[in-house]
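Here the structure is a predicted model, which means the values were calculated and not measured. When reading the values below, keep in mind they use all heavy atoms of this one structure, side chains included, and skip hydrogens, waters and symmetry mates. Order of the sequence lines fixes the chain letters, A, B, ..., with proteins taken first and strands second; residue numbering starts at 1 for each chain.
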There are 4 protein chains.
Amino acid sequence: MSRLAKIEGQVRGLQKMVGADTYCPDVVVQVASVTRALQEVAVGLLTDHLHNCVVNAARASETGGQAGLGEVASTIRQVIRL
Amino acid sequence: MSRLAKIEGQVRGLQKMVGADTYCPDVVVQVASVTRALQEVAVGLLTDHLHNCVVNAARASETGGQAGLGEVASTIRQVIRL
Amino acid sequence: MSRLAKIEGQVRGLQKMVGADTYCPDVVVQVASVTRALQEVAVGLLTDHLHNCVVNAARASETGGQAGLGEVASTIRQVIRL
Amino acid sequence: MSRLAKIEGQVRGLQKMVGADTYCPDVVVQVASVTRALQEVAVGLLTDHLHNCVVNAARASETGGQAGLGEVASTIRQVIRL
């Protein structure tokens with residue numbers, strides 16, 4: 001949550017940079033930094049999910065855990081953008 | 001500018017999703033979509049920069065344009081995250 | 001394995017394209033396609049690993065599975081290049 | 001060219017790693033490294049192209065250079081995978 005609040009601030013900062021006609025490459029570097037911060041959030045969410053759902057499901061039943069893995073794979077693919 | 005305002009709204013939406021304990025993979029898919037939107041902004045800025053700076057500099061002088069290309073390459077590398 | 005053999009062939013094809021002075025943007029599009037194929041391999045390996053190691057470890061013991069998750073997270077970060 | 005030859009060797013190395021049942025996360029890290037090497041090739045090709053085509057075209061005529069930029073933008077998008 002606090003990471004996302006910080007990212008929201010960074011996006012507002014980007015708007016100011018564009019509004020102030022900041023030199024393009026400098027804005028692009030800043031955009032890349034926000035992108036990186038968002039992907040950190042995605043990895044954190046994925047890891048929490050693996051922790052809470054897949055591992056626990058694997059403990060709960062013989063087939064549990066497996067079921068969630070297909071979804072995890074497709075989520076990883078979306079983060080990597082395949 | 002309007003793209004960035006939309007992205008700011010999307011980041012606020014992400015905070016609501018996390019606050020409402022939305023199912024993790026659904027949030028990750030949304031994070032990936034915001035990342036993509038930011039990279040569209042980066043490509044737009046880079047193209048404007050190539051248009052305004054590199055092409056015009058190439059017209060202005062023999063060595064102009066060249067100078068800016070090293071910077072463009074390094075900016076692309078940051079967007080790709082090399 | 002067969003995917004990697006195909007990728008090896010694609011990299012050889014890239015060398016031929018460059019040797020034949022193929023138009024740069026066409027080569028770049030082909031490079032992007034090989035990159036995508038490699039990331040598919042990475043996702044496949046990661047999913048197998050989650051299946052074989054994390055899920056099974058979670059079944060084997062109370063703390064198993066957890067141990068492997070930190071490593072999975074750091075592997076995902078390397079694939080995303082954070 | 002020599003970079004691509006090295007990448008071909010790395011892909012052959014990956015096949016050996018998989019054939020020898022190397023620990024999955026170690027193979028994934030290696031896959032990520034080959035992906036990075038390929039993207040370096042893409043950035044190099046793009047920069048050469050900007051140098052040879054866009055800058056020279058901009059010098060040759062009033063509208064030259066501009067024409068190539070749309071293509072460059074779409075090539076960058078493919079490398080970033082938008």
Check: Taking the side chain as C-beta and beyond, is there a heavy-atom pair between B:V31 and B:T35 under 4.5 Å?
Finding: yes
Notebook entry, point to check: Applying a criterion of heavy atom separation less than 4.5 Å, what residues of residues 4-11 of chain A form contacts with chain B?
Noted result: A:L4, A:A5, A:I7, A:E8, A:V11
Note to self: What residues of residues 44-52 of chain A make heavy-atom contacts with chain B at a cutoff under 4.5 angstrom?
What the structure shows: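 Within residues 44-52 of chain A, the residues under 4.5 Å from chain B are A:L45, A:L46, A:H49.
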Notebook entry, point to check: Can you list every pair that meets side-chain hydrogen bond (donor to acceptor under 3.5 Å, both in side chains) and has a residue in residues 16-26 of chain A, with sequence neighbours left out?
Noted result: A:Y23-B:E71
Notebook entry, point to check: How long is the gap from CD on B:Q30 to CG on A:L38, to the nearest 0.5 Å?
Noted result: 10.5 Å
Notebook entry, point to check: Counting heavy-atom pairs under 4.5 Å to chain A, which of B:V72, B:V28, B:L14 comes out on top?
Noted result: B:V28
